[in-house]
Amino acid sequence: MNYKLFNESLLDWYYEVRRDLPWRETSDPYKIWLSEVMLQQTQVKTVIPYYNKFIKKYPTLDSIANENSESLLKEWEGLGYYNRIRNFHEAVKEVQSTYQSEVPNQPETFFTLKGVGPYIGGAVQSIAFNHKIAAVDGNVLRVMTRLTEDSRDISKQKTISSIKAHIETFMPDDAGNFNQAMMELGATVCTPRAPKCITCPVQAHCESFKNNTVNLYPFKKKAKAKKELYFNVYLILNDQNEIYLYKETKDLLQGMYKFPKFDVDTNVETIEDKLHIELSQPQFLGEEKHIFTHKVWYMNIYVVHTTSTNDHFVPLNEVRELPMSVAMQKVYKYIDETI
DNA sequence: AATGCGTGGGT
DNA sequence: TACCCAAGCAT
């Protein structure tokens, strides 16, 4: 492969078709960094409204560093992978306290920050500061394995780091635009299904196109089946118009508020013991299914009344101020049927 | 190194 | 429908 010609063709194409995305209007490293965190495993279309909302509310690194973490989680609500905002918050606070609120223009330093891995590190350092580091995401893996007929498993970290090292042997000085061009090519031309090889600007350099093997790449081992879990979820109302909520403190949906949730075979007495309240007979409201990356929740939703109260009870008109997962929002919408 | 972590889009 | 996939990272 003639890398010089490849780079020229790719960049010429990119300058011509480049989409206007909100984070491409800025050279502020903080904003570029935020966009990359949001874009992790999340489609551009989904990110745009969240990015605009965050930039409006938190226009500077200091403004977000000074915000409290639960408010940030609330702003992030619905975007998923909630550890991203927790880690980003920790990272910007470190930049504020240790680096005088300046995003480090030095890869070794930047890579030490929470939530900054090989991709985000490479993307921010190349786009914001033009450091020559490859940003290898799913798009780039697809483009590269097809270009070179690479059959290795792209879900293995070893494969990714090897491809990253390969790219860094030929990527041009215009590192930020090169990285974005590779991703843009993967997103719009070298797509997972029905790639547009006929109009591909680097078709002449593509081994799998030449050998008609494009559909063999990239290779990835099949995902494990999702684990199916069955729960009863309770909307517990007291006579002061309050509802029982608790904050998840670990693992899945950490930091988000949830309604009490028990295995389907748990009886009311057990729930009363665990929650330290007395309950009336639960009334069945309906069922909801929620799909995560690696599990599926089947939820039976009940409403139940109590005369008790404790610290877990929140006034109904304040529930919407707390961060809640989409799964729990599906449950909460049944509240209308109880009033 | 393999697994856990959200949600929505697209076929 | 039931998948796969999306500008991946932490552990």
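Protein chains get the first letters and strands the later ones, always in sequence-line order, with residue 1 at the start of each. This is a predicted model, so every value here is computed, not measured.
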Rounded distance (Å) that lies between atom [atom2] of [N] and atom [atom1] of [X]:
X: A:Lys222; N: C:dC5; atom1: NZ; atom2: P; value: 11 Å
X: A:Ile160; N: C:dA6; atom1: CD1; atom2: P; value: 12 Å
X: A:Ile48; N: B:dG8; atom1: CD1; atom2: C1'; value: 14 Å
X: A:Ile85; N: C:dG8; atom1: CD1; atom2: P; value: 17 Å
X: A:Ile154; N: B:dA2; atom1: CD1; atom2: C1'; value: 16 Å
X: A:Leu113; N: C:dC9; atom1: CG; atom2: C1'; value: 14 Å
X: A:Arg84; N: C:dA7; atom1: CZ; atom2: P; value: 12 Å
X: A:Tyr119; N: C:dA6; atom1: OH; atom2: P; value: 12 Å

query: Hey, is A:Glu77 close enough to A:Lys74 for a salt bridge, meaning N to O under 4.0 Å?
result: yes
Less than 4.0 angstrom between a side-chain N/O of [X] and OP1 or OP2 of [N], yes or no?
X: A:Lys156; N: B:dA1; answer: no
X: A:Tyr82; N: B:dT7; answer: yes
X: A:Lys295; N: B:dC5; answer: yes
X: A:His290; N: B:dT7; answer: yes
X: A:Arg142; N: C:dC5; answer: no

- prompt: Should A:His294 and A:Phe292 be marked as a ring pair (Phe, Tyr, Trp, His ring centres under 6.0 Å) after you check the CA-CA gap, both sets of side-chain angles, and the distance that decides it?
  reply: CA-CA 6 Å; A:His294 57 292; A:Phe292 297 90; 7.4 Å; no
- request: Classify the side-chain pair A:Asn267/A:Thr270 by whether it contains a donor and acceptor separated by less than 3.5 Å.
  value: yes
message: As a quick check of understanding, evaluate ring pair (Phe, Tyr, Trp, His ring centres under 6.0 Å) for A:His312 and A:Tyr244, giving each step before the final call.
response: CA-CA 5 Å; A:His312 287 281; A:Tyr244 191 108; 4.8 Å; yes
Could you check whether the rings of [X] and [Y] sit parallel, tilted or perpendicular, using 30° and 60° as the cut-offs?
X: A:Tyr51; Y: A:Trp23; value: perpendicular
X: A:Tyr302; Y: A:Tyr234; value: parallel
X: A:Phe110; Y: A:Trp33; value: perpendicular
X: A:Phe54; Y: A:Trp76; value: perpendicular

Distance between P atoms of B:dT3 and C:dC4 (Å, rounded): 16 Å
task: Considering only atom P, compute the distance from B:dA2 to C:dA7 and round it to an integer number of Å.
output: 25 Å
message: Classify A:Val47 by what it touches in the nucleic acid, base, sugar-phosphate, or nothing, heavy-atom distance under 4.0 Å.
response: nothing
query: Which part of the nucleic acid does A:Leu79 contact within heavy-atom distance under 4.0 Å: base, sugar-phosphate only, or nothing?
result: base
query: Toward the 5' end of DNA chain C, which comes first, A:Tyr81 or A:Gln157, by nearest nucleotide?
result: A:Tyr81
message: For A:Lys226 and A:Asn87, find the nucleotide of DNA chain C closest to each by heavy atoms; which residue's nucleotide sits nearer the 5' end?
response: A:Lys226
- prompt: Are there more than 12 heavy atoms of other residues, nucleotides or ligands under 6.0 Å from atom CD of A:Glu272?
  reply: yes
- request: Count the heavy atoms of every other residue, nucleotide or ligand shown that sit under 6.0 Å from CD of A:Glu278, and state whether that count exceeds 12.
  value: no
task: Please determine if A:Lys261 forms a cation-pi arrangement with A:Trp297, meaning its NZ or CZ atom is less than 6.0 Å from the six-membered ring centre and no more than 45° off the ring axis.
output: yes
field: N/O donor-acceptor pair under 3.5 Å between A:Lys258 side chain and A:Met328 backbone
entry: no
query: Which comes earlier along DNA chain B counting from the 5' end, the contact point of A:Lys158 or that of A:Met256, where each point is its nearest nucleotide?
result: A:Lys158
query: How do A:Ile291 and A:Lys221 order along DNA chain B: which one's closest nucleotide is nearer the 5' end?
result: A:Lys221
task: Scan residues 131-139 of chain A against DNA chain C and write down, sorted by residue number, each residue with any heavy atom closer than 4.0 Å; if none is found, say none.
output: A:Asp137, A:Gly138, A:Asn139
- request: Using heavy atoms and a sub-4.0 Å distance, could you list which residues of residues 165-203 of chain A are near DNA chain C? By number, please.
  value: A:Met183, A:Pro192
query: Using a heavy-atom distance cut-off of less than 4.0 Å, which residues of residues 19-45 of chain A contact DNA chain B?
result: A:Gln41, A:Thr42, A:Gln43, A:Lys45
field: Atom pair CD (A:Glu67) and CD (A:Glu75), whose distance is rounded to the nearest 0.5 Å
entry: 7.5 Å
